[in-house]
Structure formats: structure tokens, C-alpha cells
Amino acid sequence: HVQLVESGGGSVQAGGSLRLSCAASGDTGRNNCMGWFRQASRNERDMVAAIYLRNAETHYADSVKGRFTISQDNTKNTVYLQMNSLKEEDTAMYYCAGSLGFCHRVSDVNYWGQGTQVTVS
């Protein structure tokens with residue numbers, strides 16, 4: 001049993017910043033990666049950032065490279081997504097994800113957070 005709880009979403013003006021947090025609890029030892037996915041209205045859920053927990057290797061969608069940073073705090077079992085220079089196109093529901101394997105596709109994900117809304121205007 002793994003629970004992922006997100007926080008930090010909200011509404012910001014274009015050009016602003018937000019930091020999302022995802023706190024993991026339960027049997028987290030088998031997780032290989034954690035990531036952030038987002039889903040805009042009527043669109044599919046896609047990966048925006050992922051981090052592999054063993055070596056801290058990170059991956060980003062092209063649309064957020066240079067603006068978003070994913071990081072982890074192993075002591076707190078928490079993953080963060082720092083979002084800078086936000087654009088209206090970033091508006092979406094953001095979901096924290098955990099995987100025993102990869103974190104690149106929805107089908108890879110074993111555990112989902114409840115989602116947190118990010119609105120950029």
C-alpha cells in the first residue's frame with residue numbers, strides 16, 4: 001500500500017511560480033521512480049517530469065525543459081516540482097505518480113496521487 005498526497009497547486013499569473021509537493025507513505029521501498037503527469041481538459045494525461053530514485057536521473061517533457069525542476073528529499077519521502085515562468089498552456093490537473101519501473105507513460109504508473117489543479121492566467 002502506497003499513498004501519494006500532493007499539495008501546492010493554485011492559481012497564478014503568467015510568468016509566476018509554484019512548487020508542488022508529493023509526500024509518499026506506506027510501502028515505498030520498491031518504487032523505482034516518481035514523476036509528475038498533467039492532464040488538461042479533454043486531453044490525455046502525459047508525463048511532464050520524472051526522477052529515478054536510485055541515481056536522481058531526471059527527465060522532462062520538451063515543453064517544460066528549462067522552466068520546471070523535479071527533485072527529491074529521500075529523508076522526507078517527498079518529491080517536488082518547481083515550476084517557473086508559468087504559461088497559460090501549463091494549466092492542468094497535475095498528478096504525482098510512483099512506479100516500480102518507468103515513469104514515462106500512464107501505463108507505467110503503479111500509484112497515483114489525487115491530483116492538484118494548477119491554473120495560470
Handout entry: Over 12 foreign heavy atoms within 6.0 Å of CD, Gln13
Key = no
Handout entry: Tyr111, OH: over 12 other non-hydrogen atoms inside 6.0 angstrom
Key = yes
Practice task
Can you label the angle between the Phe68 ring and the Tyr94 ring as parallel, tilted or perpendicular, going by 30° and 60°?
Solution key: tilted
Problem - Candidate pair Thr69 and Tyr80, rule side-chain contact (heavy atoms from CB on, under 4.5 Å), full reasoning - result: CA-CA 8 Å; Thr69 303; Tyr80 304 95; over 6 Å; no
Practice task
Indicate whether any N or O donor in one side chain lies under 3.5 Å from an N or O acceptor in the other, for Ser17 and Asn84.
Solution key: yes
Problem - Distance under 6.0 Å and angle within 45° of ring axis: Arg38 vs Tyr95 - result: no
Considering all heavy atoms of both residues, which atom of [X] and which atom of [Y] are nearest to each other, and what is their separation?
X: Thr58; Y: Ile70; result: CG2-CG2, 3.7 Å
X: Cys22; Y: Leu4; result: SG-CB, 3.8 Å
X: Val106; Y: Trp112; result: CG1-CZ2, 3.9 Å
X: Met47; Y: Ala61; result: O-CB, 3.6 Å
X: Ala24; Y: Met34; result: CB-CE, 4.3 Å
X: Gly35; Y: Cys103; result: N-SG, 4.2 Å

Exercise for the section: Output, in order, the C-alpha distance, side-chain angles, deciding distance and verdict of side-chain contact (heavy atoms from CB on, under 4.5 Å) for Met83 and Leu18. Expected result: CA-CA 5 Å; Met83 304 185 292; Leu18 285 173; 3.7 Å; yes
Looking only at atom types and distance, does a side-chain atom of [X] sit under 3.5 Å from a main-chain N or O of [Y], one as donor and one as acceptor?
X: Ser99; Y: Asp108; value: yes
X: Thr91; Y: Glu88; value: yes
X: Glu6; Y: Gly115; value: yes
X: Asn32; Y: Gly101; value: yes
X: Asn110; Y: Leu100; value: yes
X: Asn55; Y: Glu57; value: yes

Joint hydrophobic cluster, [X] plus [Y], side-chain heavy atoms closer than 4.5 Å:
X: Met93; Y: Val48; result: no
X: Tyr52; Y: Val109; result: no
X: Tyr60; Y: Phe37; result: no
X: Val2; Y: Val79; result: yes

Exercise for the section: Would you sort out whether Leu53 and Gln72 count as a side-chain contact (heavy atoms from CB on, under 4.5 Å), showing the intermediate values? Expected result: CA-CA 8 Å; Leu53 304 179; Gln72 63 177 327; 3.1 Å; yes
Completion exercise
dist Gln117:CD -> Gln39:CD (nearest 0.5 Å) comes out at 10.5 Å
Exercise for the section: Start with the C-alpha distance between Leu20 and Trp36, add both sets of side-chain angles, then the distance that settles side-chain contact (heavy atoms from CB on, under 4.5 Å), and finish with yes or no. Expected result: CA-CA 9 Å; Leu20 306 183; Trp36 291 92; 3.6 Å; yes
Problem - Salt-bridge criterion met for Lys65 and Asp62 (N-O under 4.0 Å) - result: yes
Exercise for the section: Kindly determine whether Asp90 and Arg67 satisfy salt bridge (charged side-chain N to carboxylate O under 4.0 Å, His left out), including the steps that lead there. Expected result: CA-CA 11 Å; Asp90 297 317; Arg67 299 189 297 119; 2.8 Å; yes
